[in-house]
Amino acid sequence: MEKEKRPNLFQKLKNDIVPLLKLNFIFLLLCIPVISIPSAIQAMTKVNLSLIEEKRTDVVRDFLEAFRDEFKDGLLCGVILAVLFLVFGYVAWFYQQVDAGNNLMTILVRYMTLFSVIVIYCASCYLWVINIKVEQSLFARLKNAFFLVFICIRPTLLCLLFGGLIGAIVVFGVPYSTPFIFVGAFSLWNYICSYYALPMVETFLLGISRSEDEMQEKEG
């Protein structure tokens with residue numbers, strides 16, 4: 001992808017701030033049943049990708065259509081990610097409570113499981129975009145999501161950085177961060193992660209660049 005032809009993240013955010021406010025609200029609304037959260041994330045990702053790619057977007061209509069069409073796939077991916085998070089998260093928590101002393105193996109397991117939790121989060125950032133952009137089996141999509149974590153270091157670290165920053169503001173800012181949660185925390189998080197994940201998915205899984213895609217659309 002030719003970086004000079006790609007709009008800056010903050011320029012994009014400035015242009016898309018109003019749709020993001022709407023998107024955050026409808027996302028929270030559709031998360032009320034709890035079980036629908038993964039499908040809502042996938043629908044939110046689809047709308048955010050349209051905004052990033054500057055396609056004509058009706059936030060409410062497009063979100064509801066994506067939520068309906070992607071419900072089963074989003075739910076299945078969410079269950080798999082949740083299981084991975086819970087298993088490795090519990091193991092990481094357990095070993096944090098253990099007095100390691102000079103036991104090198106315990107220390108190693110402690111940090112490896114913590115690292116695994118971070119990798120799973122980063123892979124999820126790619127996975128939601130892959131689900132929308134790439135037609136593959138679920139196993140292939142999961143495999144490629146973890147693959148991108150390790151070969152796309154800079155985007156991965158940026159997703160981790162912004163995700164951690166937004167999460168820290170929400171968690172440690174309570175109760176002052178409550179308005180931020182309802183106004184834009186989730187749509188902002190998803191927008192930023194999708195912004196950095198999209199070109200990596202296009203380059204490594206679709207074999208295209210943003211500039212080439214735009215040229216093809218103009219020619220068409």
Search all heavy atoms of [X] against all heavy atoms of [Y] and return the closest pair with its distance.
| X | Y | value |
| --- | --- | --- |
| V59 | P19 | CG2-CB, 3.7 Å |
| S194 | N48 | OG-CB, 4.5 Å |
| W189 | M44 | CZ3-CE, 4.2 Å |
| C193 | C125 | SG-SG, 3.6 Å |
| T203 | P199 | OG1-O, 2.8 Å |
| Y195 | N8 | OH-C, 3.7 Å |

Would the number of heavy atoms belonging to other residues, nucleotides or ligands and lying under 6.0 Å from [atom1] of [X] be above 12?
| X | atom1 | value |
| --- | --- | --- |
| Y90 | OH | no |
| E135 | CD | no |
| Y196 | OH | yes |
| F71 | CZ | yes |
| F180 | CZ | yes |
| I151 | CD1 | yes |

Gap separating the [atom1] atom of [X] from the [atom2] atom of [Y], nearest 0.5 angstrom:
| X | Y | atom1 | atom2 | answer |
| --- | --- | --- | --- | --- |
| Y111 | S116 | OH | OG | 14.5 Å |
| F10 | N15 | CZ | CG | 13.5 Å |
| L51 | L23 | CG | CG | 7.0 Å |
| L64 | L29 | CG | CG | 9.0 Å |
| I52 | I192 | CD1 | CD1 | 9.5 Å |
| K12 | L20 | NZ | CG | 10.0 Å |

Identify, with sequence neighbours excluded, every residue that meets side-chain hydrogen bond (donor to acceptor under 3.5 Å, both in side chains) alongside [X].
| X | value |
| --- | --- |
| Q136 | N144 |
| D73 | Q42, R141 |
| S39 | none |

Please examine the side chains of [Y] and [X], heavy atoms only from C-beta on, and report whether any two atoms are closer than 4.5 Å.
| X | Y | answer |
| --- | --- | --- |
| L81 | L127 | yes |
| F146 | I120 | yes |
| I132 | E70 | yes |
| F150 | C122 | no |
| I41 | I37 | yes |
| C77 | L138 | yes |

**Request:** Among V201, T57, V129, find the one that has a side-chain contact (heavy atoms from CB on, under 4.5 Å) with L49.
**Result:**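 Answer to the side-chain contact (heavy atoms from CB on, under 4.5 Å) test with L49 among V201, T57, V129: V129.
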**Asked** Name the one of T156, L198, L205 that satisfies side-chain contact (heavy atoms from CB on, under 4.5 Å) with Y126?
**Response**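 In the set T156, L198, L205, the residue that makes a side-chain contact (heavy atoms from CB on, under 4.5 Å) with Y126 is T156.
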**Request:** For E65, check salt bridge (Lys or Arg N to Asp or Glu O under 4.0 Å) against everything at least two apart and list the hits.
**Result:**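 Partners of E65 by the salt bridge (Lys or Arg N to Asp or Glu O under 4.0 Å) criterion come out as none, since no residue qualifies.
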**Asked** Who are the salt bridge (Lys or Arg N to Asp or Glu O under 4.0 Å) partners of D58, not counting sequence neighbours?
**Response**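 If we apply the salt bridge (Lys or Arg N to Asp or Glu O under 4.0 Å) test to D58, skipping adjacent residues, there are no hits.
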**Prompt:** Linking Ile, Leu, Val, Met, Phe, Trp and Tyr through side-chain heavy atoms less than 4.5 Å apart, which residues share a cluster with L86?
**Reply:**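 So far as hydrophobic clustering goes, L86 is joined with none.
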**Request:** Applying side-chain contact (heavy atoms from CB on, under 4.5 Å), run through I181 and F186 and close with a yes or a no.
**Result:** CA-CA 7 Å; I181 295 173; F186 296 101; 3.7 Å; yes
